[in-house]
Amino acid sequence: MNQWMERAVELALQNIAQGGQPFGAVLVKGEEIIGEGVNELHLRPDSTGHAELLALRRAQEKLGSIDLRGTVMYASGAPCPMCFGAMAMAGVDKAYYANSLADAMAVGLSRSSEVYADLQKINEERVFRMIHMPVEDIAKSPMHVWHSKT
């Protein structure tokens with residue numbers, strides 16, 4: 001385990017001691033931590049308060065950019081689908097994790113595995129459904145309006 005993963009695990013253990021879940025994350029660029037976080041679900045009702053997302057937000061604020069290419073995430077647990085997507089959208093190069101989804105399931109933290117499994121299904125078979133409802137007037141379509149301004 002390297003120093004960055006050690007820090008992510010340390011954050012997770014501190015979070016447990018403070019009543020939180022076993023998740024800590026550290027985002028590194030070069031040899032510098034540019035963002036870190038822990039799951040803050042025990043502090044406020046915010047389902048997006050995950051360690052990786054908080055590390056991303058803090059790094060983006062620090063850098064003044066949403067572009068995080070050239071960075072690496074170290075997480076105490078395998079990232080959930082939301083965090084996976086956020087890291088991919090931000091351009092994070094790769095992520096390392098200490099505990100697997102199977103490890104999380106073994107201690108009763110199964111939501112990530114359930115969502116990953118649901119994403120493997122075709123839309124009509126998913127538990128969470130997304131239904132296309134197009135804007136009928138193209139002049140009022142946000143995508144069309146945005147495209148016409150760029």
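Since we're looking at a predicted model, the values are computed, not measured.
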S76 side chain to Y97 main-chain N or O, any donor-acceptor pair under 3.5 Å? no
With L27 as partner, the option from L54, L56, V72 fulfilling side-chain contact (heavy atoms from CB on, under 4.5 Å) is L56
Using a 3.5 Å distance criterion without hydrogens, assess whether the side chain of D118 forms a donor-acceptor pair with backbone atoms of V115. no
Heavy-atom side-chain proximity of L63 to I34 below 4.5 angstrom: yes
If you take all heavy atoms of G24 and A12, which pair is closest and at what distance? N-CB, 3.6 Å
Are the side chains of H42 and N15 in touch, meaning some heavy atoms are under 4.5 Å apart? yes
Around atom CE of M1, are there more than 12 heavy atoms of other residues, nucleotides or ligands at under 6.0 Å? yes
Identify whether the distance between the nearest side-chain nitrogen and carboxylate oxygen of R44 and D46 falls below 4.0 Å. no
I'd like to know if K62 and E32 make a salt bridge, using a cut-off of under 4.0 Å between side-chain N and carboxylate O. yes
Where the side chain of R129 meets the backbone of N123, is there a donor-acceptor pair that is under 3.5 Å apart? yes
State whether the side chain of R126 and the backbone N or O of K121 hold a donor-acceptor pair below 3.5 Å, judged by distance alone. yes
Heavy-atom side-chain proximity of P142 to V145 below 4.5 angstrom: no
Between S110 and S113, is there a donor-acceptor pair closer than 3.5 Å when you use the side chain of the first and the backbone of the second? no
Spacing of M133 atom CE and E136 atom CD [to the nearest 0.5 Å]: 10.0 Å
Rounded to the nearest 0.5 Å, how far apart are OH of Y74 and CG of L11? 14.5 Å
Y116: which residues meet the ring-ring contact (aromatic ring centres under 6.0 Å, His included) condition with it, sequence neighbours left out? none
State whether the side chain of D93 and the backbone N or O of G70 hold a donor-acceptor pair below 3.5 Å, judged by distance alone. yes
Determine whether a donor-acceptor pair (N or O, by modelled atom type, separation under 3.5 Å) exists between the side chain of N39 and the backbone of H50. no
Between E61 and R58, is there a salt bridge with N-O shorter than 4.0 Å? no
Report yes if the side chains of Q3 and E31 come closer than 4.5 Å at any heavy-atom pair, otherwise no. yes
Quick one: does any side-chain atom of Q60 pair with a main-chain N or O of I66 as donor and acceptor, under 3.5 Å? yes
Residue pair L109 / L101, side-chain heavy-atom distance below 4.5 Å: no
Less than 4.5 Å apart, side chain to side chain, heavy atoms only: is that true for M73 and E52? yes
Check whether the side chains of E10 and Q14 place a donor and an acceptor atom closer than 3.5 Å, and report yes or no. yes
